[in-house]
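This report concerns only the one structure given below.
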Amino acid sequence: MARIFGIDLGTTNSLIAAMEDGAPRVIAVGGNHSALLPSVVAIAPDGAITVGECAIEMEPHLTVERDGRVSAIGFAGGQYGAVIRSVKRYMGLGGDEIAPEDRARYTFADLSGSVVRFQIGKRVLTPSQISAEILRALKDGAERALRAAGKDEKVERVVITVPAYFNDGQRQATKDAGRLAGLEVVRLVNEPTAASLAYGLNKRATGNVAVFDFGGGTFDISILSVKEGIFEVLATNGDTHLGGDDIDRVIVDWLLAELPDALKLDRHVWNSARMAAENAKKRLSDVAETPVAVDLLGHSIRKHLTRDALEKMAEPFLARALKRCELAVADAQLTPADIDAVVLVGGSTRMPLVRQRVAAMFHKEPLCSIDPDQVVALGAAVQASVLMGTQGDMLLLDVVPLSLGIETMGGVMERLIHRNTTIPTSVAEGFTTAVDNQTHVDIHVLQGERELAKDCRSLARFKLGPIQPQPAGVPRIEVTFLIDANGILNVNARDERTGREHSVDVKPSYGLTDDEIERMLEEAIDLGEQDLEERLLISYRNDAEQILGALRKQLGEFGALVDVGERGRMDEVVERLEAARTGTDRELIAKLVEELNEVTTPFAERIMDAAIKLALEKKSVEELS
Amino acid sequence: MIECPSCGRRQQPLLICADCGSPLAATLDCFAALGMPRKLTIDLGALERRYHELSRMIHPDRFASSVARVRDASLRATATLTRSYRTLRDPVARGLYWLELNGEKLAENNKRVPPELAELVFEVQEQLAGMHDAPADSDAACELAAQVVARRSQLQATMDASRAELERNFVKWDQRPDEKMLTLELKAILSSIAYLRTLIRDVDRALENSKAA
């Protein structure tokens with residue numbers, strides 16, 4: 001039987017690990033023999049894909065050339081290709097669920113669908129497809145590393161970790177990504193639970209463990225009881241949109257505070273600032289103060305960030321995380337004093353403030369002897385060996401993070417499975433008809449903790465039937481809702497009188513259908529040319545709209561910086577582009593976008609100059625006063 | 001009778017095949033699933049040991065490489081096991097389940113106030129209404145909130161007392177299995193616990209709202 005590998009598909013970095021001589025080890029797949037593969041995917045205008053360190057170099061950013069000039073390089077998005085980072089933040093979301101701060105980062109094909117779709121160059125890609133590229137890079141990298149070590153082994157069966165607080169849709173999207181990468185996903189394992197396995201806590205005395213997992217994009221807290229090799233999760237809580245990324249964003253806002261809005265949103269400027277912010281944040285774990293610089297066209301922003309200031313910026317996010325901890329401890333029916341060990345996971349736990357606060361909350365020094373970037377992947381490898389039957393004494397009993405229920409009369413959510421119920425679990429519920437000769441019963445499945453259906457997340461709609469025409473209330477259909485060991489819902493229905501299985505027509509509210517996945521698998525082989533044309537046209541139109549909108553805004557704010565002749569040339573191209581935009585000639589749209597870019601470049605540079613001068617003047621006035 | 005998906009042996013429904021030890025997706029009551037005697041009092045230590053022991057034998061993690069048929073049996077058997085464990089572990093859930101096994105059910109969302117709680121409930125509701133009407137941040141609102149917090153601990157203490165009484169009665173009922181009386185008494189005490197639970201939830205929500213305001 002082929003070996004099962006453990007994969008940590010992270011927001012910032014991804015890793016693959018396996019058991020080697022009875023101990024979990026990460027496999028070097030990144031450059032420089034690093035185990036960390038940055039979860040960054042670059043898609044060139046022609047559709048070529050690059051993952052990892054090389055993809056970071058293609059991110060739109062500003063760079064200082066050898067002659068001192070600053071130039072803007074990288075795939076700027078839309079028709080120019082794009083570089084997607086933190087794709088995990090988009091996993092399993094519908095187009096209308098993207099967080100406002102995540103919306104400006106990329107060009108989306110369609111924001112109304114049940115799945116986020118990125119518009120990149122010639123392709124439209126879902127988060128699952130982009131994650132599949134990361135998984136494929138891990139697979140290829142691991143196979144290469146194994147070959148170099150003299151082992152001709154294929155990576156086919158894997159365990160993938162997910163945030164404990166991931167909902168059904170986010171879990172399904174992760175599983176889909178594995179399938180699209182050609183992998184058999186034997187199990188999804190919750191990240192904090194995996195981390196507890198890596199620490200080999202079963203070798204310790206019986207006790208309660210809290211795992212504090214603060215990563216790049218997600219936060220989880222899990223409370224476990226460990227007893228004779230059984231790891232039983234008592235409660236879990238978290239926030240799938242809370243992590244180091246959020247802190248970086250606040251630093252960027254501070255860094256770019258003096259720039260006008262139009263410039264702040266420029267992807268080159270923003271990304272350069274984000275890189276500077278992330279690096280400064282990391283340095284401040286070791287030093288008390290650090291310079292932060294962003295080189296813009298012709299000028300540069302130079303500021304100083306102290307650890308104190310950083311901690312003030314991080315405080316609200318940490319407060320949110322600690323609130324979640326309180327809830328999890330209460331749900332486990334424990335108090336912080338009942339916790340025997342605290343484990344730190346995720347890069348954001350390197351911040352001294354995070355360590356202090358966690359220690360203060362649980363009244364003990366947290367464990368952090370295993371690299372917080374690797375611990376989840378190592379734990380995934382341990383769980384993989386449990387699944388292969390080579391860790392006979394260990395067993396993981398995890399829970400479902402969110403309650404599951406159905407919509408009842410008056411739009412009320414009726415809870416069928418409560419949060420923190422051990423999985424796998426199932427519940428059977430009887431249904432009948434409300435009117436005579438009704439042939440179908442509609443069931444709306446929800447996930448969440450709120451009282452009203454509209455405040456919970458829609459999971460799926462099921463149509464039971466066809467039911468034989470009978471008087472109202474006579475048919476008896478028993479529906480079994482089963483949550484499997486991956487935390488994913490399965491439904492089946494049975495006629496209580498005949499014992500016959502009923503067909504269940506599932507319409508997931510978010511996510512991909514099986515047919516769509518099949519299509520994507522085919523598409524991966526042969527980029528379906530047909531609707532490509534149409535999608536390309538839409539993406540070019542979106543680009544045109546974007547540049548026209550940006551220009552309108554800039555002219556409003558900085559109109560004085562344009563001379564009459566220049567304005568005439570701009571207006572002329574704008575007029576032609578406005579006309580072309582409603583037509584179907586995408587080559588023409590592309591050409592005019594290019595042309596408009598050209599005639600407005602000197603203007604853009606002048607805006608940048610003026611803005612920076614303004615910012616500097618303002619600052620010196622402030623300093624003088 | 002149930003057929004083992006691994007070895008094909010037909011046997012009495014259990015979660016594990018008597019022949020080959022494979023999981024069986026049998027439909028069982030919670031006591032039978034865990035092999036515990038059908039009694040209201042339960043040795044929680046023994047229950048947990050039994051749960052862990054069975055989990056080790058039938059959990060899907062043990063059958064990740066088995067054929068689909070066996071994987072499915074493992075999934076369903078484990079779902080039955082975990083649900084049974086949760087039900088029996090908690091005295092209130094166990095009591096409610098006992099009623100269900102005997103064809104009785106507590107009315108959902110019972111609005112009738114248990115007589116012994118009438119006075120307490122009346123006072124709490126008065127305070128909640130006062131808190132709702134008092135202008136936010138006023139001294140009156142703060143004072144009322146403090147009163148409600150004190151009242152909440154009183155409610156919690158009453159609930160804890162009821163739960164303790166429930167467990168004491170379990171012993172009594174197990175020794176004197178007069179079905180009729182048992183059901184009546186069990187119903188009375190469970191409905192007052194259910195009522196208190198709803199009331200505490202309402203109090204918590206009101207306190208949360210006043211904090212938010």
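Please read these numbers as outputs of a predicted model, since none were measured by experiment. Throughout, a chain's letter reflects where its sequence line sits, starting with A, and its residues are numbered from 1.
Remark: of the listed residues B:Arg56, B:His52, B:Arg49, B:Arg56 is the sole one forming a side chain to side chain contact (heavy atoms under 4.5 Å, CB included) with A:Glu228.
Considering only heavy atoms from C-beta on, A:Thr425 stays 4.5 Å or farther from B:Arg86 through its side chain. No side-chain heavy atom of B:Arg83 sits under 4.5 Å from any side-chain heavy atom of A:Thr422. Using a 4.5 Å cut-off on side-chain heavy atoms (C-beta onward), B:Tyr51 and A:Leu397 make contact.
Within 6.0 Å of the CE atom in A:Met409, the count of heavy atoms belonging to other residues, nucleotides or ligands does not exceed 12. Atom CZ of B:Arg9 has more than 12 neighbouring heavy atoms from other residues, nucleotides or ligands inside a 6.0 Å radius. Summarising the local packing, CD of B:Glu143 is surrounded by 12 or fewer heavy atoms from other residues, nucleotides or ligands at distances under 6.0 Å.
Proximity to chain A is absent for every atom of B:Phe63, based on heavy atoms less than 4.5 angstrom apart. Contacts between A:Glu451 and chain B at a heavy-atom distance below 4.5 Å involve the side chain alone, from C-beta outward. Both the backbone and the side chain of A:Val386 come within less than 4.5 Å of a heavy atom of chain B. With a threshold of 4.5 angstrom between heavy atoms, A:Leu482 approaches chain B through side-chain atoms but not through N, CA, C or O. When heavy atoms are compared at a cutoff of 4.5 Å, A:Ile417 does not approach chain B at all.
Judged by distance alone, the side chains of B:Ser65 and A:Arg157 do bring a donor and an acceptor atom under 3.5 Å apart.
With B:Thr82 contributing its side chain and A:Pro424 its backbone, the two residues share a donor-acceptor pair below 3.5 Å.
Taking A:Asn490, A:Thr421, A:Leu396 one by one and counting their heavy-atom pairs under 4.5 Å with chain B, the maximum is reached by A:Thr421. Of the residues considered (B:Thr80, B:Leu75, B:Leu81), B:Leu75 shows the highest number of contacts with chain A, using heavy-atom pairs under 4.5 Å.
Annotation for A:Ile423 and B:His59: closest pair O-NE2, 4.2 Å, computed over non-hydrogen atoms. Among all heavy-atom pairs drawn from B:Arg62 and A:Leu395, the shortest one is NH2-CB, 4.2 Å.
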Checking A:Gln383 against B:Asp61 for the side chain to side chain contact (heavy atoms under 4.5 Å, CB included) test, could you report, in this order, the C-alpha distance in whole Å, the side-chain angles of both residues, the deciding distance, and whether it holds? CA-CA 9 Å; A:Gln383 175 64 5; B:Asp61 283 4; 2.9 Å; yes
